[in-house]
Amino acid sequence: MIKRGKLKRVGTIAAIILILSSLLSACGNKNNENGGEAEAGKPPRIDFLLSHIMSPYAMQYKDDSDIYRKELSKLSGYDLHYEFLGHGNDYTQQLTVRFASSDLPDVIRTDSIISTMHPGAVEKDIFTDLTPLLEKYGQNILKNVPQSAWESSKVSKDGKIYGIPYLSAVPAYRVVYIRQDWLDKLNLPQPKTLDDYLEFFEAVKNNDMNGNGDPSDEYGFYVRENLDYGSDLFFKEFGVHPDEWIYREGQFVPGLIQPEMKESLAFWKMLYDKGYINPNLFTNKGSDWRAGIKQGKAAMWTHDVPEYNSEWHSELFVNEKDVKIAMLPGPVGPKGQGLTPQHEQIGYVYVIPSTNINPEDVIKYLDWAWSSEEAEKFFAYGIEGHNYTMEEGKVKFDPTSYANAEIDESEMFRTVINPRRDGRLEPLVLDVDPNAELLKQGLEAANQSIYKNEALHMPVLEAMKARPELGRGAGTLFLDMFAKVVTGKGEIDSSFDAFVAEWKKHGGDEAIQEATEWYKKSKGMQ
């Protein structure tokens, strides 16, 4: 029998051991820091890793003091935190490094669950299978995201969901932006056909449209380097686009190697030779491209409808008065029309690393974001008293106020930290936008410019993952050939034929075989 004194000592030791065990458990349990069974009185913490998407506000974001983070945390009941990486290629490189280091937060923005930024992540169990969590905690997410998005290879594999789509606001918003005030000065109607555009370009070339005394510094079509972000015009008008795949003669083949490309090349060379496009089109970086347009160098360019308020409204143009912008559908060419392929409406994808031991907290938060009236209002208007006021029960939102326009704070809550979709064209937003009619016209024009996409839901081809030169962007075989032909350093037929042969030799034939197998299987042809 243990004596009373020993029993007391044993009880004390046991109590100490129990306390130490609790402390060790707390130290090793992410719940106390990042959500789940949080400490009493403290909301679950969720850490996001996102791109700043070139938002001026997000680029200077300070997590500890940010008012939008604090407000959204208060409304949702979750302790939300954000880390922002770069945009475009910068984000790709930075996120690749993060995955290699295994330094992963609770939620990550990626472009696809099979992205080259994290090869084999699904097979290596780096991502959480979200299927049962969505069924249990995410019914509002499942209800609001279109079925076509869930079927995408960007979010699902082998019948399991590994990513949650962030949606574009509408099926399409790419349009032709055009200087309506220049059309008016030239007494020309809005162009529709390629011939109409050429007439406009010629008139711009021969008149000092920006009034600076130099008629040679304006261009009909202002092009961005690498044909980026909408500068890929004047292809579909001749039958095929470099980004699309089509089924021909028993094979599923890319548009960029089709013979119709020669017609597009001839048209682009003509634009270059006549001075209708800027001669620095292959080096005109995004920031310079934007600045050039606002300096009055562009009669026409292509971009997205939601960018009007942040990028292209008249007050942003330098040393020009009475600027008036219109948004048009894509030109009608001899063999087609289209700016945007039919797509899954997925902007990017949220994934939850398997290192997050309480992924249900992320799903619960996202479900709240998709269903709450408070969330709807926050993602449309921001913070009452800062971004908007209430007068007689109605929202008063001034997009030109300092809080909303100085560093485009509205983009922060409508897009950057909005986990549902691009919120710039939501009905609540359009209700208070002074440019609502123009934006609605732009959306109608964008919808007229959607073309059929036979490669819808096709995953990234294995044959092309390690061969970026097979695409059509920077550093590709296609762009090298395109630049050579347009600038007159290569003859069209011979240069294009040599490119096609080189493309196939670099793995293109493997890509075609893989794509054809996918296409036939998806269409029930096997």
Query raised in the report: If you look at every heavy atom in Val176 and Gly330, which pair is closest and at what distance?
Result: CG2-CA, 4.2 Å
Query raised in the report: Does the ring of Phe201 carry Lys274 above it, NZ/CZ under 6.0 angstrom from centre and within 45° of its axis?
Result: no
Query raised in the report: Is it true that the NZ or CZ of Lys294 lies under 6.0 Å from the centre of Trp312's six-membered ring and within 45 degrees of the ring axis?
Result: yes
Query raised in the report: Would you find more than 12 non-hydrogen atoms of other residues, nucleotides or ligands less than 6.0 Å from Lys205 atom NZ?
Result: yes
**Report entry** Test: Arg420 and Glu426 ion pair at under 4.0 Å
**Finding:** yes
Report task. Answer yes or no: is there an ion pair linking Glu454 with Lys523, defined by an N-O contact shorter than 4.0 Å? Result -> no
Query - For Ala298 against Ile293, the heavy-atom pair lying closest together - result: CB-CG1, 3.8 Å
Query - Name of the residue among Phe221, Tyr219, Tyr222, Tyr177 meeting ring pair (Phe, Tyr, Trp, His ring centres under 6.0 Å) with Trp301 - result: Tyr177
Query raised in the report: Under 30°, 30 to 60°, or over 60°: which ring-plane class applies to Phe234 and Phe267, parallel, tilted or perpendicular?
Result: tilted
Query raised in the report: Are Gln94 and Asp90 close enough that a side-chain donor and a side-chain acceptor fall under 3.5 Å?
Result: no
Query raised in the report: What orientation do Tyr166 and Tyr348 show, parallel under 30°, tilted 30 to 60°, or perpendicular over 60°?
Result: parallel
Query - Separation of Asn284 CG from Asn278 CG (nearest 0.5 Å) - result: 5.0 Å
Query raised in the report: Salt-bridged, Lys452 to Glu244, with N to O below 4.0 Å?
Result: no
Query - Asp111 and Tyr91 side chains, donor-acceptor separation under 3.5 Å - result: no
Query - Ion pair check, Glu514 and Lys465, cut-off under 4.0 Å - result: no
Query raised in the report: Which atoms form the tightest heavy-atom contact between Asp408 and Tyr57, and what is the distance?
Result: O-CB, 4.4 Å
Query raised in the report: Any side-chain heavy-atom pair from Trp182 and Asn207 closer than 4.5 angstrom?
Result: no
Query raised in the report: Taking the six-membered ring of Phe478, is NZ or CZ of Arg472 closer than 6.0 Å to its centre and within 45° of its axis?
Result: no
Query raised in the report: For Phe397, is the NZ or CZ atom of Arg414 found under 6.0 angstrom from the centre of its six-membered ring and inside 45 degrees of the ring axis?
Result: yes
Query raised in the report: With a 4.0 Å cut-off, would you call Lys236 and Asp243 a salt bridge?
Result: no
Query raised in the report: Is the backbone of Pro329 close enough, under 3.5 Å, to the side chain of Ser449 for a donor and an acceptor to pair up by distance?
Result: no
Query raised in the report: Counting only heavy atoms not in Met54, do more than 12 sit closer than 6.0 Å to its CE atom?
Result: no
Report task. Answer yes or no: is there a donor N or O on one side and an acceptor on the other, between the side chain of Asn404 and the main chain of Ser410, under 3.5 Å? Result -> no
Report task. With Ser152 as reference, evaluate His343, His457, Glu344, Gln345 under the side chain to side chain donor-acceptor pair (under 3.5 Å) test and give the passing residue. Result -> Glu344
Requested in this report: Kindly indicate whether the side chain of Val223, heavy atoms from C-beta on, has any atom under 4.5 Å from the side chain of Asn280.
Outcome: no
**Report entry** Within 6.0 angstrom of Glu444 CD, more than 12 heavy atoms from elsewhere
**Finding:** no
Query raised in the report: Counting only heavy atoms not in Asp214, do more than 12 sit closer than 6.0 Å to its CG atom?
Result: yes
Requested in this report: State whether Tyr229 and Arg174 meet the cation-pi test: NZ (Lys) or CZ (Arg) under 6.0 Å from the six-membered ring centroid, and within 45° of the perpendicular axis.
Outcome: yes
Report task. State whether Glu218 and Arg179 are salt-bridged, where the test is any N-O pair (Lys NZ or Arg NE/NH1/NH2 against Asp/Glu carboxylate O) under 4.0 Å. Result -> no
Report task. Evaluate the ring planes of Tyr381 and Tyr388, with Trp represented by its six-membered ring, and classify them as parallel (under 30°), tilted (30 to 60°) or perpendicular (over 60°). Result -> tilted
Requested in this report: Under the side-chain hydrogen bond (donor to acceptor under 3.5 Å, both in side chains) rule, what do Glu307 and Tyr173 come out as? Steps first, then yes or no, please.
Outcome: CA-CA 10 Å; Glu307 307 299 333; Tyr173 27 56; over 6 Å; no
